[in-house]
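Each ligand, and each atom within it, is numbered from 1 in the order the structure gives. From a predicted model like this one, the values you see are computed outputs, not experimental measurements.
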Amino acid sequence: MTAPYTAAALEPEATAPLIMALPKGRILKECGRILARAGIEPSPDYIDENTRHMRFPTNHPGLDVIRVRAFDVATFVAFGAAQIGICGSDVLMEFDYPEVYAPLDLGIAKCRIAVAEPAETAGTDDPSRWSRVRVATKYPNIARKYYASQGIHADVVNLSGAMELAPGLGICRLIVDLVDTGSTLRANNLVETAKIADISSRLIVNRTALKTQPEAVGAWIARFRDALTQG
Ligand code: PRT
Ligand code: MG
């Protein structure tokens with residue numbers, strides 16, 4: 001393996017460790033293999049869902065990891081609290097932080113963001129004739145942008161979970177949410193009527209950190225790039 005970085009760049013002397021923000025939940029489980037291939041071993045309690053700790057040292061003195069909600073990873077990186085992170089592209093699309101650069105698609109936690117509505121109303125009228133629509137979602141910006149591109153005003157009902165219940169209970173016509181197998185939609189008598197985008201997790205970095213600490217941040221990007229080519 002030819003590595004375009006030096007071991008020294010990963011272990012900067014006499015500077016604070018870099019912080020990598022990692023999401024709890026399903027991405028945490030899926031990113032274990034990539035972290036291992038990148039040579040990152042967080043302290044054992046990192047995978048303990050019951051620990052109260054949020055910041056963990058790793059086998060690299062120059063790198064600590066923090067464990068945060070999937071929806072918050074991009075925010076920690078955008079504000080420079082963490083220099084690197086792993087984050088769903090759904091979250092990147094929603095926040096669209098100019099300070100966040102996403103150099104690598106890690107190809108994990110794949111799904112799609114889609115529109116779904118009750119089977120009874122799906123296909124009963126033509127969305128191109130709508131002027132507004134009420135949508136329940138935890139992605140208000142993605143939903144508004146998607147409908148605005150079709151000349152439709154989206155009235156968004158903000159929910160952070162269980163949006164599949166919302167149309168049946170009469171608070172919206174449809175939902176915008178992540179779909180993987182489609183079984184959650186089916187279980188709630190909803191059908192997918194449009195795909196907005198394919199989603200996967202990305203390596204992200206803070207642009208300022210990449211400029212001010214190019215060796216250290218660049219070395220981690222290179223490590224992850226190598227990790228992806230290891231089959
Ligand atoms: O726990 P917290 O409230 O912080 O957030 P969370 O539960 O949304 O986080 P978590 O751990 O689920 O991780 C969310 C991230 O995982 C997203 O930002 C995506 O990048 C990624 N991801 C990939 C998914 C899915 N696939 C997925 N299927 N996140 C959520 N889902 C949910 C979806 O919202 C729906 O409820 O799974 C259900 C649909 O799955 P199917 O298989 O039934 O279609
Ligand atoms: Mg969760």
Side-chain angles (χ1 to χ4, degrees), residues 20-35 42 46-56 65-78 81-82 84-97 100-119 122 135-143 145-146 156-169 171-172 174-205 224 228:
M20 174 177 288
L22 296 173
K24 333 185 220 200
R26 72 182 76 213
I27 298 178
L28 181 145
K29 292 190 189 93
E30 287 200 40
C31 76
R33 218 156 56 138
I34 290 177
L35 289 181
Y46 158 78
I47 50 163
D48 174 0
E49 282 172 13
N50 298 318
T51 182
R52 304 267 174 195
H53 292 136
M54 297 174 191
R55 180 171 176 160
F56 308 87
V65 299
I66 57 171
R67 208 175 64 180
V68 303
R69 293 184 76 159
F71 223 64
D72 294 335
V73 168
T75 304
F76 276 91
V77 173
I84 319 173
I86 292 179
C87 181
S89 55
D90 50 321
V91 177
L92 298 178
M93 279 173 75
E94 177 61 20
F95 289 99
D96 201 18
Y97 287 121
V100 171
Y101 169 50
L104 288 180
D105 184 344
L106 301 176
I108 56 169
K110 287 184 180 174
C111 59
R112 56 196 182 274
I113 185 157
V115 177
E117 60 184 292
V135 185
T137 187
K138 81 179 216 190
Y139 301 97
N141 293 323
I142 294 175
K145 225 187 245 178
Y146 173 72
V156 170
V157 178
N158 273 292
L159 291 177
S160 51
M163 40 293 258
E164 291 87 357
L165 290 171
L169 296 176
I171 61 169
C172 59
L174 45 80
I175 66 170
V176 165
D177 197 13
L178 301 178
V179 183
D180 179 14
T181 61
S183 53
T184 307
L185 293 182
R186 279 191 294 279
N188 290 283
N189 199 28
L190 300 173
V191 294
E192 184 175 340
T193 50
K195 179 173 88 173
I196 301 177
D198 287 310
I199 300 299
S200 58
S201 292
R202 310 295 161 98
L203 184 76
I204 60 171
V205 300
F224 275 90
L228 287 179

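I142 places none of its side-chain heavy atoms less than 4.5 Å from the side chain of T137. Looking only at side-chain heavy atoms (C-beta outward), E164 and I175 come within less than 4.5 Å of each other. Contact of the V115 side chain with the V135 side chain is not registered, since no non-hydrogen atoms from C-beta on lie closer than 4.5 Å. Side chains of Y139 and M93 form no contact here, defined as non-hydrogen atoms less than 4.5 Å apart.
Counting the atoms of ligand 1 from 1 in the order shown, those under 4.0 Å from a heavy atom of D90 are 17 (C), 18 (O), 19 (C), 20 (O). Distances below 4.0 Å separate heavy atoms of T181 from the following atoms of ligand 1: 41 (P), 42 (O), 43 (O), 44 (O). Shown in contact with G88 at under 4.0 Å from a heavy atom are these atoms of ligand 1, numbered in order with element: 20 (O). The R69 neighbourhood of ligand 1 comprises atoms 2 (P), 3 (O), 4 (O), with distances under 4.0 Å to a heavy atom of that residue. Numbered from 1 in the order shown, with element, the atoms of ligand 1 that lie under 4.0 Å from a heavy atom of I27 read 15 (C), 16 (O), 20 (O). For ligand 1, the atoms closer than 4.0 angstrom to any heavy atom of D177 are 34 (O). Interface atoms of ligand 1 facing C111, defined by a heavy-atom separation under 4.0 Å, are 22 (N), 23 (C), 25 (C), 26 (N). Shown in contact with G25 at under 4.0 Å from a heavy atom are these atoms of ligand 1, numbered in order with element: 11 (O).
Screening L178, D177, V179 for a side chain to side chain contact (heavy atoms under 4.5 Å, CB included) involving I113 leaves a single residue, L178. Exactly one residue among I199, I204, V73, V77 makes a side chain to side chain contact (heavy atoms under 4.5 Å, CB included) with L92. That residue is I204. Applying side chain to side chain donor-acceptor pair (under 3.5 Å) to D105 and the options S201, S89, S200 leaves one that passes, S200.
The main-chain N or O of G88 is never found under 3.5 Å from a side-chain atom of R202 such that the two would form a donor-acceptor pair.
Close to ligand 1: E164, with a non-hydrogen atom less than 4.0 angstrom away.
Within the 4.0 Å heavy-atom criterion, neither part of E192 lies near ligand 1. At a 4.0 Å heavy-atom cut-off, ligand 1 touches K24 through the backbone alone.
Looking only at atom types and distance, the side chain of T51 has no donor-acceptor partner in the side chain of Y46 under 3.5 Å away.
Of the polar atoms of S201, none of the N or O atoms is found under 3.5 Å from an N or O of ligand 1, judged by distance alone. For ligand 1, the polar-atom distance check finds an N/O of G182 within less than 3.5 Å of one of the ligand's N/O atoms.
Scanning R26, E30, R202 for the heavy atom closest to atom 28 (N) of ligand 1 points to R26.
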